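Notes to accompany the following structure.
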Amino acid sequence: VQGHRKRRPADFCKPKWHKIFANTYVKISSLLPDAEYADNKYRAIEKEGQLIFVNQNEKKNISSVTKWMEAFNIYVAVYSEKHPQEIGNLMTYAQTIQKMADTCGDSAALNYDEKFRRWREKDPAACPWHKKNVELYQEAVVMGMDFKLRNNKQPFRGQTKHKYCY
């Protein structure tokens with residue numbers, strides 16, 4: 001169809017582009033299309049003596065590295081428009097997050113990503129994309145160990161069926 005252009009995933013987050021270009025922190029879930037990842041919560045407001053429910057359109061937090069990768073690929077597409085020399089470093093960063101998720105769990109990896117990008121906003125030179133931030137990495141490892149300990153209190157014991165004494 002002439003004159004019809006298919007929207008690219010990065011088109012959904014166009015209002016955020018200037019923030020991404022400027023290394024300003026952006027909530028990664030805000031880059032995903034609204035219909036796909038919106039949290040349909042409503043809040044009550046009073047207007048002209050009537051109670052009206054308004055959709056807040058807040059974005060859900062991402063809870064899996066798979067979904068994070070989808071959003072981060074959009075981030076890379078936008079960021080690389082202004083910083084094409086950083087593409088390799090961004091791919092190294094994505095690999096760091098994926099490996100961290102494998103060893104420490106998704107929650108620790110996503111926490112690392114949020115804190116890394118917030119720190120990078122304040123001091124980009126202290127957080128280059130291609131290098132792990134040692135302080136945040138150690139925090140993620142501890143978070144991952146804590147998660148594993150809570151979920152595997154006695155990993156040496158298999159699932160046992162209840163046995164009854166008569």
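Given the structure is predicted, the values throughout are model-derived calculations rather than measurements.
- Using a 4.5 Å cut-off on side-chain heavy atoms (C-beta onward), Tyr112 and Lys132 make contact.
- When every heavy atom of Leu110 is checked against every heavy atom of Ser64, the shortest pair comes out as CD1-N, 3.8 Å.
- Looking at Met91 and His130, their side chains never come closer than 4.5 Å, going by heavy atoms from C-beta outward.
- When atom types are taken as modelled, the side chain of His83 and the backbone of Phe21 share a donor-acceptor pair closer than 3.5 angstrom.
- With a 4.5 Å cut-off on side-chain heavy atoms, Tyr137 and Met100 count as touching.
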Practice task
Apply the test side chain to side chain donor-acceptor pair (under 3.5 Å) to residues Asn23 and Tyr79: give CA-CA distance (whole Å), side-chain angles for both, the deciding distance (0.1 Å), then the verdict.
Solution key: CA-CA 9 Å; Asn23 271 325; Tyr79 191 81; 3.2 Å; yes

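- In terms of heavy-atom proximity, Ala108 sits nearest to Gly144 at CB-N, 4.2 Å.
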Practice task
Before giving the answer on side-chain contact (heavy atoms from CB on, under 4.5 Å), spell out for Gln138 and Val134 the whole-Å C-alpha distance, their side-chain angles and the decisive distance to 0.1 Å.
Solution key: CA-CA 6 Å; Gln138 288 174 342; Val134 176; 3.9 Å; yes

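- Put simply, the side chain of Asp106 gets close to the backbone of Val65: a donor and an acceptor are under 3.5 Å apart.
- What you find for Leu31 and Ala71 is that their closest heavy atoms are CD1-O, 3.8 Å.
- For Trp68 and Asp113, the side-chain atoms include at least one donor-acceptor pair closer than 3.5 Å.
- Counting only N and O atoms by type, the side chains of Asn61 and Lys27 include a donor and acceptor under 3.5 Å apart.
- Side-chain atoms of Thr24 never come within 3.5 Å of backbone atoms of Ile20 as a donor-acceptor pair (strictly under, hydrogens ignored).
- In this structure, the ring-ring contact (aromatic ring centres under 6.0 Å, His included) partners of Tyr93, at least two apart in sequence or on a different chain, are Phe72, Phe116, Trp129.
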Practice task
Starting from the C-alpha separation in whole Å, work towards a yes-or-no answer on side-chain contact (heavy atoms from CB on, under 4.5 Å) for Glu114 and Ile28.
Solution key: CA-CA 8 Å; Glu114 181 179 341; Ile28 201 86; over 6 Å; no

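- Of the possible donor and acceptor atoms, one in the side chain of Arg117 sits under 3.5 Å from a partner among the backbone N and O of Val26.
- Scanning all heavy atoms of the two residues, the minimum distance from Arg120 to Cys127 falls at NH1-O, 2.8 Å.
- Side chain of Asn73 to main chain of Met69: a donor-acceptor pair is present (N/O by atom type, distance under 3.5 Å, no hydrogens or angles).
- By the criterion of side-chain heavy atoms lying less than 4.5 angstrom apart, applied directly or through intervening Ile, Leu, Val, Met, Phe, Trp or Tyr residues, Val141 is grouped together with Leu136 in one hydrophobic cluster.
- Interatomic distance, Ser107 OG to Met143 CE, rounded to the nearest 0.5 Å: 3.5 Å.
- With hydrogens and angles left out, the side-chain atoms of Glu86 and Asn89 include a donor and acceptor closer than 3.5 Å.
- Using a cutoff of 4.0 Å between basic side-chain nitrogens and carboxylate oxygens, Glu121 and Arg118 are not scored as salt-bridged.
- Leu90 and Ile62 fall within a single hydrophobic cluster, where Ile, Leu, Val, Met, Phe, Trp and Tyr side chains are chained together by heavy-atom contacts under 4.5 Å.
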